[in-house]
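One structure is given below, encoded as structure tokens.
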Amino acid sequence: MKLWIAKCFLLMAVLAGGGQAAAQANLEINTPGIAAIQGSMQKRHTELAPLYGSGAVGLTRDGNVALRDPASVPLAQRAAVNTLIAAENQDRAALYREIARANNHPEWEAEIRSTFGQRWIDRAQSGWYTQNAASTWVKK
Amino acid sequence: MNELKSCRYTKRMALGAWVGGALFAAGCVTINIYFPAAAAEKAADRIIDEVWQLKGGAPAIPVAPATNSKPATQ
């Protein structure tokens with residue numbers, strides 16, 4: 001009886017080890033859906049980059065972009081810039097959702113978003129505006 | 001009488017081991033659902049590299065066109 005229980009525990013320990021190893025693996029990001037969103041964001045970046053540089057648009061903590069300084073955008077272009085920001089945030093939301101779904105964990109979406117939020121900010125160029133922990137704009 | 005008692009204890013111990021084992025197994029499943037933060041960061045970096053075109057070292061950020069910056073000539 002005791003031997004049997006010991007065997008049972010050994011089996012569980014082996015299973016647990018395998019589970020932990022699986023959790024360390026990479027996230028799946030090579031799906032057609034993710035690639036399409038990525039391509040659309042890459043194309044849009046050529047339009048967004050000058051806006052990041054001028055400080056008109058900044059990177060928020062929650063993994064989005066936002067109009068930081070409306071005054072720095074000429075009135076005639078403001079609607080176009082707002083459309084650009086809305087499209088970018090829509091793509092970003094879809095990206096976070098798609099990554100969570102591609103890994104069979106839709107409930108990870110919020111954590112993926114916050115991970116991206118931190119990485120976009122960490123990797124932003126100097127001169128761009130990002131939000132700090134208190135959600136105030138800071139120039140990098 | 002004593003023999004019966006000891007048999008009961010063994011049964012109880014076996015039940016305890018079973019419950020403990022079941023809890024342990026449940027714990028292992030929980031480990032599997034933990035969010036893999038390091039893997040997510042790596043995935044984010046790979047996508048940011050692509051979107052911002054940061055792969056070739058120097059970032060390929062186009063300079064804002066200097067339109068309307070000429071002084072009026074009249």
Side-chain angles (χ1 to χ4, degrees), chain A residues 1-2 4-6 8-9 11-13 15-20 22-30 34-35 37-54 63 74 91-92 95-96 99 103 105 107-108 110-112 114-120 122-125, chain B residues 3-72:
Chain A
M1 184 70 170
K2 261 186 190 167
W4 182 77
I5 291 173
C8 217
F9 269 105
L11 179 72
M12 279 172 187
L15 285 176
Q20 271 168 326
Q24 295 299 316
N26 286 336
L27 283 191
E28 171 66 75
I29 51 169
N30 296 319
I34 293 169
I37 300 164
Q38 199 173 307
S40 142
M41 288 172 71
Q42 189 180 319
K43 245 168 66 187
R44 193 178 301 108
H45 184 64
T46 56
E47 291 176 82
L48 279 170
L51 296 165
Y52 295 141
S54 73
D91 269 357
R92 285 179 175 219
L95 176 72
Y96 308 145
I99 294 172
N103 289 278
H105 281 287
E107 76 279 7
W108 284 353
E111 278 164 299
I112 288 171
S114 83
T115 304
F116 267 82
Q118 193 56 52
R119 293 312 289 160
W120 291 118
D122 288 349
R123 307 196 59 194
Q125 285 183 35
Chain B
E3 234 173 76
L4 187 67
K5 230 180 191 178
S6 96
C7 182
R8 254 191 218 153
Y9 276 130
T10 314
K11 266 188 182 169
R12 205 174 275 180
M13 271 172 70
L15 184 71
W18 255 113
V19 171
L23 284 175
F24 186 71
C28 298
V29 172
T30 313
I31 287 168
N32 253 344
I33 331 176
Y34 274 151
F35 179 68
E41 244 179 61
K42 259 200 288 180
D45 280 348
R46 268 187 291 162
I47 286 177
I48 292 169
D49 281 341
E50 283 294 315
V51 172
W52 283 354
Q53 298 283 287
L54 301 172
K55 265 190 176 165
I61 304 301
V63 179
T67 47
N68 302 331
S69 61
K70 272 190 229 163

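A note on names: the letters A, B, ... follow the listed sequences, proteins ahead of strands, and every chain is numbered from 1.
For A/Ile99, the part lying under 4.5 angstrom from a heavy atom of chain B is the side chain only. Heavy atoms of A/Glu107 lying under 4.5 Å from chain B belong exclusively to its side chain. Only the side chain of A/Ile34 comes within contact range of chain B, with heavy atoms under 4.5 Å apart. Both the backbone and the side chain of A/Leu27 come within contact range of chain B, with heavy atoms under 4.5 Å apart.
Ring geometry for A/Trp120 against B/Trp52 counts as tilted: the plane angle lies between 30° and 60°, on a 0 to 90° scale.
Listed here is the closest heavy atom pair of B/Pro36 and A/Trp108: CD-CH2, 3.3 Å.
Residues B/Glu41 and A/Asp122 form no side-chain contact, since every pair of their non-hydrogen atoms from C-beta on lies 4.5 Å or further apart. Put simply, the side chain of A/Arg44 does not reach to within 4.5 Å of the side chain of B/Val51, judged on heavy atoms.
We find the CG-CD distance between B/Leu54 and A/Gln125 to be 7.5 Å, quoted to the nearest 0.5 Å.
The side chain to side chain contact (heavy atoms under 4.5 Å, CB included) check on B/Glu50 picks up A/Gln38, A/Gln42, B/Lys55, with sequence neighbours excluded. With sequence neighbours left out, A/Glu28 forms a side chain to side chain contact (heavy atoms under 4.5 Å, CB included) with A/Asn30, A/Thr31, A/Ala102, A/Asn103.
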